[in-house]
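Count residues from 1 along the sequence. Atoms considered below: every heavy atom in the structure, side chains included; atoms not considered: hydrogens, waters and symmetry mates. Note that the coordinates shown come from a computational prediction; the quantities given were computed from them, not determined experimentally.
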Amino acid sequence: MAASALAASSAASQSMRNREILDAVGTTAAALSLAGSSFIVLCYLLFRELRKFSFKLVYFLAVADMLCSLFTIMGGPANAFYCFAHDYSAHFFCVASFLWTTTIAFTLHRTVVKHKTDVEEFGFIFHLYVWGTSLVTTVLRSIGSDYGRPGTWCWIQQGSTGKILHLITFYLPLWGAILYNGFTYYQVNRMLNNATRMAVGMSDRSSQSDVRADKKAFNRWGYYPLILIGSWAFATINRLYDFANPGHKIFWLSILDIGFAGLMGLFNSIAYGFNSSVRRAIAERIDMYLPERIKRSLPTLSRLRSQQENELTSLIVESNNTITETTMRVTPRSSLAG
């Protein structure tokens, strides 16, 4: 009896230590994401020149990341109310986060591949799609779950029904967004490759330089779907393992799950938000208030001030115009060759 009691006490103590470690990892990662996404939100509110439609999508992405991180920090299994807030709110805003990335991909695809300039008309549809889908998945996920019940971790769901709904309402939309973003960026890059070849065929140096500049930016954006994959790959593996082996958790996999998922907001803020337009806006504000002698000693500030990269806030229109003009100039030649 004494040995059994000692073993039970040791297991409980180990479980408590593991929970504390996971709480620390999750809170630290969420705090970093909260800081990064809050910075993007603050830049959008402070800098009027950033309030274009394209960056507005990044702003709403940052808002979703910010609230997802905030409610993740609030979560705690010792309190039923905070556990409830963590479960529902974090799920809602995390789903909204990766859905907003699909609206950015859709906008780029429609303007660059489809040559449409009506993307701003989709603003209301985007909101309905993102917030509506997030709400529906959150409500559906509540079926067969024990949210708000204090336990070892908030996200534990009892029974196969709750686990299946978790996979369907969270991980199915997640990997759907990953596949859509990957396919969309592939098509955009293919369009730019074709435009580059047409420009080379015409020996039009100005068109070549314009399209290559756009392609350089798009090549970097082609890696953006990897943000979602990197953030949620371990979480997906952990959920599938838990579904196949209920009641048995791998501690190191849980650490990777919580750590990388919690950093999604930070990754998004760096990739989507902290572009040259934001850096230039910050540099211009610094330039207004710093004494001249200090500004001369900051070469980085001078470079940012003169930097003219094509980024998300300007590339949507510019790349569309460049590709359209290049296509129009090449079309007669192609017709004659046929």
Side-chain angles (χ1 to χ4, degrees), residues 15-47 50 55 57-101 130 134 138 147-148 150-156 170-171 174 177 224 226-239 249 251-275 278-279 282:
S15 177
M16 180 65 69
R17 283 196 296 270
N18 289 349
R19 192 182 74 184
E20 290 174 351
I21 293 173
L22 289 173
D23 284 344
V25 171
T27 300
T28 301
L32 292 173
S33 290
L34 179 62
S37 53
S38 298
F39 174 78
I40 300 303
V41 170
L42 187 63
C43 287
Y44 179 84
L45 296 176
L46 290 179
F47 305 144
L50 296 178
F55 199 81
L57 299 179
V58 177
Y59 164 74
F60 286 115
L61 169 63
V63 168
D65 283 331
M66 182 178 67
L67 294 174
C68 175
S69 301
L70 177 63
F71 285 108
T72 298
I73 294 173
M74 288 177 59
N79 184 291
F81 174 78
Y82 288 119
C83 206
F84 178 90
H86 168 275
D87 287 329
Y88 284 102
S89 302
H91 178 273
F92 177 87
F93 289 110
C94 285
V95 171
S97 173
F98 53 73
L99 291 181
W100 277 117
T101 67
V130 172
S134 301
T138 303
Y147 285 149
T152 306
W153 289 287
C154 278
W155 58 87
I156 287 181
F170 189 86
Y171 289 95
L174 166 66
Y224 286 2
L226 296 179
I227 295 175
L228 288 178
I229 296 175
S231 297
W232 294 103
F234 293 112
T236 303
I237 295 171
N238 200 18
R239 296 300 172 271
K249 290 192 174 295
F251 180 61
W252 64 265
L253 183 58
S254 295
I255 290 180
L256 293 175
D257 168 1
I258 296 171
F260 279 93
L263 290 173
M264 179 183 66
L266 178 65
F267 296 152
N268 282 337
S269 63
I270 294 173
Y272 289 98
F274 197 61
N275 53 41
V278 174
R279 295 194 295 271
I282 296 173

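- Asp257 has its side chain within reach of Arg239: a pair of non-hydrogen atoms, C-beta onward, lies under 4.5 Å apart.
- Between the CG atom in Leu32 and the CZ atom in Phe267 there is a gap of 9.5 Å [rounded to 0.5 Å].
- A heavy-atom distance below 4.5 Å is found between the side chains of Phe251 and Ile21.
- Atom OG1 of Thr236 and atom CD1 of Ile229 lie 10.0 Å apart (nearest 0.5 Å).
- A distance of 7.0 Å separates OG in Ser97 from CG in Leu228, rounded to the nearest 0.5 Å.
- In terms of heavy-atom proximity, Tyr171 sits nearest to Ala235 at OH-CB, 3.4 Å.
- The minimum heavy-atom distance between Ala30 and Ile73, with the atom names listed, is CB-CG1, 3.5 Å.
- Leu61 has its side chain within reach of Asp65: a pair of non-hydrogen atoms, C-beta onward, lies under 4.5 Å apart.
- Atom CG of Asn238 is separated from atom CH2 of Trp252 by 9.0 Å, given to the nearest 0.5 angstrom.
- The CD1 atom of Ile258 lies 10.0 Å from the CG atom of Leu253; values are rounded to the nearest 0.5 Å.
- Atom CG of Leu99 is separated from atom SG of Cys94 by 11.0 Å, given to the nearest 0.5 angstrom.
- Considering every non-hydrogen atom in both Thr138 and Ser134, the closest pair reads OG1-O, 2.7 Å.
- With sequence neighbours excluded, the residues forming a side-chain contact (heavy atoms from CB on, under 4.5 Å) with Tyr44 are Arg51, Phe55, Lys56, Tyr59, listed by chain and number.
- The two residues Ala29 and Gly259 come nearest to each other via the heavy atoms CB-O, 3.5 Å.
- Every residue meeting the ring pair (Phe, Tyr, Trp, His ring centres under 6.0 Å) condition with Phe170, not counting sequence neighbours, appears here in chain and number order: His91, Phe98, Trp232.
- Ser33 contributes a side-chain N or O that, together with a main-chain N or O of Gly262, makes up a donor-acceptor pair within less than 3.5 Å.
- Of all the heavy atoms in Phe71 and Ser89, the pair that sits closest is CG-CB, 3.3 Å.
- Taking all atoms of both residues into account, the shortest heavy-atom contact from Ala24 to Thr28 is O-OG1, 2.8 Å.
- In terms of the ring pair (Phe, Tyr, Trp, His ring centres under 6.0 Å) criterion, residue partners of Phe60 (sequence neighbours excluded) are, by chain and number, Trp100, His127.
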